[in-house]
Amino acid sequence: MLKTALTDLLGIRYPIIQGGMAWVATWELASAVSEAGALGVLGAGNAPVNWVREQIHQIRAHTANPFGVNIPLFSPFAAEVVELCIAEKVPVLTTGAGNPTPYIKPAKEAGIIVIPVVASAALAQRLERAGADAVIAEGEESGGHIGEVTTMALVPQVVDAVRIPVIAAGGFADGRGLAAALALGAAGVQMGTRFICTEECIAHPNYKQAILKANERSTMVTGYSIGHPVRCLRNPMARDFEALEKRGASEQEVIEFGTGRLRKAVLEGDVVHGSLMAGQIAGLVRDIVPAKVLVERIAQEAEDILQRLPAQLIR
Ligand code: TUI
């Protein structure tokens, strides 16, 4: 049993949240993860409301367990998608890439559990005051849009800064990571990259193979020049992106170059021109398994470690 403040808050079996990755975390993955006893999360990305509504209905058709919707706050549809989640009485809302303060009160009044992603202890404190139920402390090891502080440094500092449960994210892919997160004072973990390599995930097989082939040095970060750092696997697209930034390209040029790249990788499997967003833990991902097998394996491994740990000390 891995009962924590997170399993209690969400009414789930395992203290594991699946990252709400744009394009990747569709109803197929989210419902499979929720059905497995962790929290599946739909990635709303930049998608319009009608698409998100359809996806929510599909999740509900495939599991009766709690699930979440993630809204990256730079989405042009962010406000509308929050309204949709309220109308649909979605159990959990996670947010990323910004400050969700204006959305917390209306979502909470609708009975939604609100869990923002933070990259600093200061924002975690502000969001706790604004009514957040928990926060996800995400380190720069993560894939996609990232902050500047490593998970190892960020998580214990966020834990000390707030009283609400803290979920660790960035660099987690197995039971060792989950046990380590609990040792840092977190109530659970969020994993993104690891969940791409599941059977239910709709990401193109080429994307999954690229993660399987990766090692700990396979990622790089682009987008610093426009204040929007994104970690992805090193490929021709990422190198060209870096070269463009080094040439001092304008913000508009950089944005235009990057637009549509994630979709290209996830749906078309274009590993040359697409953006293969993934975290540094990609090197630890070695198989493609059903979500249920993965969730149970991670939980079992963490439990075993926590039991064995005292015996590891030499007396
Ligand atoms: O949101 C993410 N990761 C994402 S969203 C995304 S969608 C996309 N991105 C680029 C191109 C195409 C599609 C891909 N990856 N992670 C959550 C996260 N949030 N990481 C870091 C933060 C964060 C950073 C600063 C949260 C809050 C924050 O606060 C700044 C402020 O406003 O105070």
Side-chain angles (χ1 to χ4, degrees), residues 17-26 41-47 52 68-78 81 93-104 114-130 132 134-151 153-155 158 161 166-172 189-193 195-196 203 207 219 221-233 237-238 241 251 254-267 273-280 282:
I17 298 182
Q18 163 246 312
M21 300 163 281
W23 293 105
V24 169
T26 57
V41 179
L42 172 70
N46 281 336
V52 180
V69 174
N70 174 259
I71 307 176
L73 294 169
F74 51 67
S75 164
F77 304 109
V81 174
L93 196 61
T94 67
T95 65
N99 184 341
T101 298
Y103 301 124
I104 295 180
V114 182
I115 312 183
V117 172
V118 299
S120 71
L123 184 59
Q125 260 173 346
R126 260 184 280 150
L127 295 176
E128 177 179 48
R129 279 200 295 274
V135 288
I136 299 166
E138 191 184 285
E140 67 157 4
E141 296 92 319
S142 305
H145 180 84
I146 53 170
E148 289 175 357
V149 184
T150 64
T151 301
L154 181 66
V155 172
V158 173
V166 175
I167 298 118
F172 298 100
V189 290
Q190 175 177 277
M191 302 187 184
T193 305
F195 278 107
I196 298 177
Y207 201 134
T219 71
V221 180
T222 58
Y224 279 123
S225 72
I226 54 168
H228 187 72
V230 166
R231 183 180 301 283
C232 58
L233 296 179
M237 128 79 200
F241 201 121
E251 183 168 338
V254 173
I255 291 171
E256 262 172 38
F257 182 86
T259 302
R261 299 289 184 160
L262 179 60
R263 187 196 160 279
K264 229 178 177 39
V266 176
L267 296 189
H273 307 101
S275 173
L276 299 158
M277 293 186 193
Q280 290 182 327

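Small disclaimer: the values here were computed from a predicted structure and weren't measured. Remember, it's 1-based here, ligands and their atoms both numbered in the order they're listed.
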Before signing off on this row, confirm whether His145 and ligand 1 have an N or O atom pair separated by under 3.5 Å.
yes

Are any of the heavy atoms in Gly45 under 4.0 Å away from ligand 1?
no

Tell me the nearest of Leu123, Asn46, Leu73 to atom 29 (O) of ligand 1, using heavy-atom distances.
Leu123

Heavy-atom contacts under 4.0 Å between His228 and ligand 1: side chain, backbone, both, or neither?
side chain

Does Arg261 reach the side chain of Phe241, with side-chain heavy atoms less than 4.5 Å apart?
no

So between Ala119, Gly98, Gly96, Ala22, whose heavy atom ends up nearest atom 27 (C) of ligand 1?
Gly98

Distance-only N or O hit between ligand 1 and Ala97, under 3.5 Å:
yes

What part of Phe74 sits under 4.0 Å from ligand 1 if we count only heavy atoms: the side chain, the backbone, both or neither?
side chain

Contact atoms of ligand 1, heavy-atom distance to Asn99 under 4.0 Å:
32 (O)

One residue to check: Arg261. Relative to ligand 1, which of side chain, backbone, both or neither has a non-hydrogen atom less than 4.0 Å away?
neither

Met277 and its side-chain contact (heavy atoms from CB on, under 4.5 Å) partner, picked from Leu262, Thr193, Thr219:
Leu262

Residue Glu138 vicinity, atoms of ligand 1 by number, heavy atom under 4.0 Å
16 (N), 17 (C), 18 (C), 20 (N)

